[in-house]
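Take a look at the structure set out below.
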Amino acid sequence: METLYAKGRKVVDEFITLEQFIIDQQSRFPHSTGAFSRLLRDISVAAKIVNRDIRRAGLVDIFGTTGRVNIHGEVQQKLDAMAHEEFVRALKRGGECCLIGSEEHAEAIPLSANGEGDGRYIVLLDPLDGSSNVDVNVSVGTIFSIYRLPDEYDTPTLEAALQPGSQQVAAGYIVYGSSTMLVYTTGNGVNGFTLDPSIGEFILSHPNIQIPKKGKIYSINEGNFNSFEEGLKRFLRWAQEEDKATGRPFTTRYIGSFVSDFHRNLLKGGIYMYPATRKNPEGKLRLMYEANPMAFIVEQAGGRASDGHRRILDIVPEKLHQRTPLFIGSEELVRTVEEFLQGKR
Ligand SMILES: O=P(O)(O)OC[C@H]1O[C@](O)(COP(=O)(O)O)[C@@H](O)[C@@H]1O
Ligand SMILES: [Mg+2]
Ligand SMILES: [Mg+2]
């Protein structure tokens, strides 16, 4: 992983805003039109507005549900709907996005079809991740995945969006926690920016994030233990055994917001697992706007992501809202779980 330079100078001890960083990165691509930079700017603007509303969640009437059930059979939280609308509005206004796929909308949303911009980017969104935590003041997030509209498509269709994760041009998330951070990759490493509320700017605070190869933290909803497959049960027992040499027993941490559990493990080392369960035989998390973007980020940070057997980024999607089992995090931990799942241990 190359050291981050801006105009030839090391950047770690410099005050760099997200916008400045994006423009610096853009200058490395002489033929770039700036469209991608503008798209990232639009996403960061929507993130600031969603952040503002989440911080006031208890004060204004955005608590509770909309009363509507989304395509996943989940009762939609008001903040799910608010975040969805905010990102759609920002992407429409920006004009660089031609199609949106969102957890909160059954069909893909074409933008250019009715002449609202001739953008060439497709954005997949989990507008608010960790919805079950939003009313109890626990950190939540937003996840985004970006593809280019393939040249052979004049108009954006769902088919054009169903590309394997390996085709992503960028992916990122925003975590609305003790501070608000935006973390993203364009395939040149992973960088984190912290929102400085006093100036309303995302500032480069975590350049070149690398996930530790080993980890001692596992994140899984053990309430589903009885419906886990045998290999996974054996891995969890192994992780809980006493063994100083390998630092076991490992620690369990489960916030119940994928973004927050993932972010902690990215910085400290660890693994997040949402396997197939009786309730969710294909797993719970969605491939296009949860598993794929985080898999791109974790691989760019030196980690690993699979469904226990296949690399997440190689899965060819068939449906916008399809689910997948997910094992993601420190490389060694994910490989170990795969060995247990594949009966090699
Ligand atoms: O309550 P469970 O079954 O453990 O599921 C929690 C998981 O579901 C999610 O909330 C699903 O995401 P959404 O909140 O975006 O629907 C993840 O963030 C989280 O890790
Ligand atoms: Mg989610
Ligand atoms: Mg969500």
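Every number for a ligand or one of its atoms is a count from 1 in the order of the listing. Owing to the predicted nature of the structure, the values given are computational and were not obtained by experimental measurement.
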Quiz item: To the nearest 0.1 Å, how far is atom 3 (O) of ligand 1 from its closest protein heavy atom, and which atom is that?
Solution: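 Residue, atom and distance for the closest contact: Tyr274 OH, 2.6 Å.
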I'd like to know whether [atom1] of [X] has more than 12 heavy-atom contacts from other residues, nucleotides or ligands below 6.0 angstrom.
X	atom1	result
Lys319	NZ	no
Arg148	CZ	no
Asp151	CG	no
Glu19	CD	no
Lys233	NZ	yes

Report, in ascending order of atom number, the atoms of ligand 1 lying under 4.0 Å from any heavy atom of [X].
X	value
Gly130	10 (O), 13 (P), 14 (O), 15 (O), 18 (O)
Phe258	17 (C), 18 (O), 19 (C), 20 (O)
Tyr272	19 (C), 20 (O)
Ser257	18 (O), 20 (O)
Lys284	1 (O), 2 (P), 3 (O), 5 (O), 6 (C), 7 (C), 8 (O)
Tyr254	2 (P), 4 (O), 5 (O), 6 (C), 7 (C), 20 (O)
Asp126	15 (O)
Gly256	6 (C), 10 (O), 18 (O), 19 (C), 20 (O)

Self-check item: salt bridge (Lys or Arg N to Asp or Glu O under 4.0 Å) partner of Glu103, chosen from Arg323, Arg286, Lys284
Solution: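 Between Glu103 and the candidates, salt bridge (Lys or Arg N to Asp or Glu O under 4.0 Å) is satisfied uniquely by Arg286.
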Quiz prompt | Sole residue of Glu299, Glu338, Glu332 in salt bridge (Lys or Arg N to Asp or Glu O under 4.0 Å) with Arg304 | solution =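 Per the salt bridge (Lys or Arg N to Asp or Glu O under 4.0 Å) rule, the option paired with Arg304 is Glu338, out of Glu299, Glu338, Glu332.
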Among the N/O/S atoms of [X], which is closest to the Mg ion (ligand 2)? Give the atom name.
X	result
Glu290	OE2
Asp126	OD2
Asp129	OD1

Please state which part of [X] comes within less than 4.0 Å of ligand 1, counting heavy atoms only: side chain, backbone, both or neither.
X	answer
Asn221	side chain
Arg286	side chain
Ser131	both
Glu290	side chain
Leu128	backbone

Quiz prompt | Side-chain touch Ile174/Ile143, heavy atoms, less than 4.5 angstrom | solution =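 No. Closest side-chain heavy atoms not under 4.5 Å.
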Quiz item: Does the shortest distance from the Mg ion (ligand 3) to an N/O/S atom of Leu128 fall below 2.8 Å?
Solution: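 Of the N, O and S atoms in Leu128, at least one lies under 2.8 Å from the Mg ion (ligand 3), which means yes.
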Quiz item: Is there any N or O on Asn224 that sits under 3.5 Å from an N or O of ligand 1?
Solution: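 In fact, backbone or side chain, Asn224 has no N or O that close.
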Practice problem: Consider every N or O of Ser132 and every N or O of ligand 1, then say whether any pair is closer than 3.5 Å. | Solution: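 For ligand 1, there is no N or O atom that lies under 3.5 Å from one belonging to Ser132.
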Exercise. Look at the aromatic rings of Phe193 and Phe21 and report parallel, tilted or perpendicular, splitting at 30° and 60°.
Key: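 Ring orientation, 0 to 90° scale: perpendicular.
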Practice problem: Measure up the Tyr272 and Phe258 rings against each other and bin them: parallel (under 30°), tilted (30 to 60°), perpendicular (over 60°). | Solution: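 Geometry flag for Phe258 against Tyr272: tilted rings.
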Practice problem: Scan side-chain atoms only and decide if Tyr176 and Thr142 contain a donor-acceptor pair under the 3.5 Å cut-off. | Solution: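 The criterion, which ignores hydrogens and geometry beyond distance, is satisfied for Thr142 and Tyr176.
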Exercise. Return yes if a side-chain donor-acceptor contact under 3.5 Å exists between Ser131 and Asp80, otherwise no.
Key: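 Yes, side-chain donor-acceptor contact under 3.5 Å.
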Self-check item: Proximal heteroatom of Glu103 relative to the Mg ion (ligand 3) (N/O/S)
Solution: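 Considering only N, O and S atoms, Glu103 comes nearest to the Mg ion (ligand 3) through OE1.
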Quiz item: When the aromatic ring centroids of Phe36 and Tyr121 are compared, is their separation below 6.0 Å?
Solution: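 Yes, ring centres under 6.0 Å apart.
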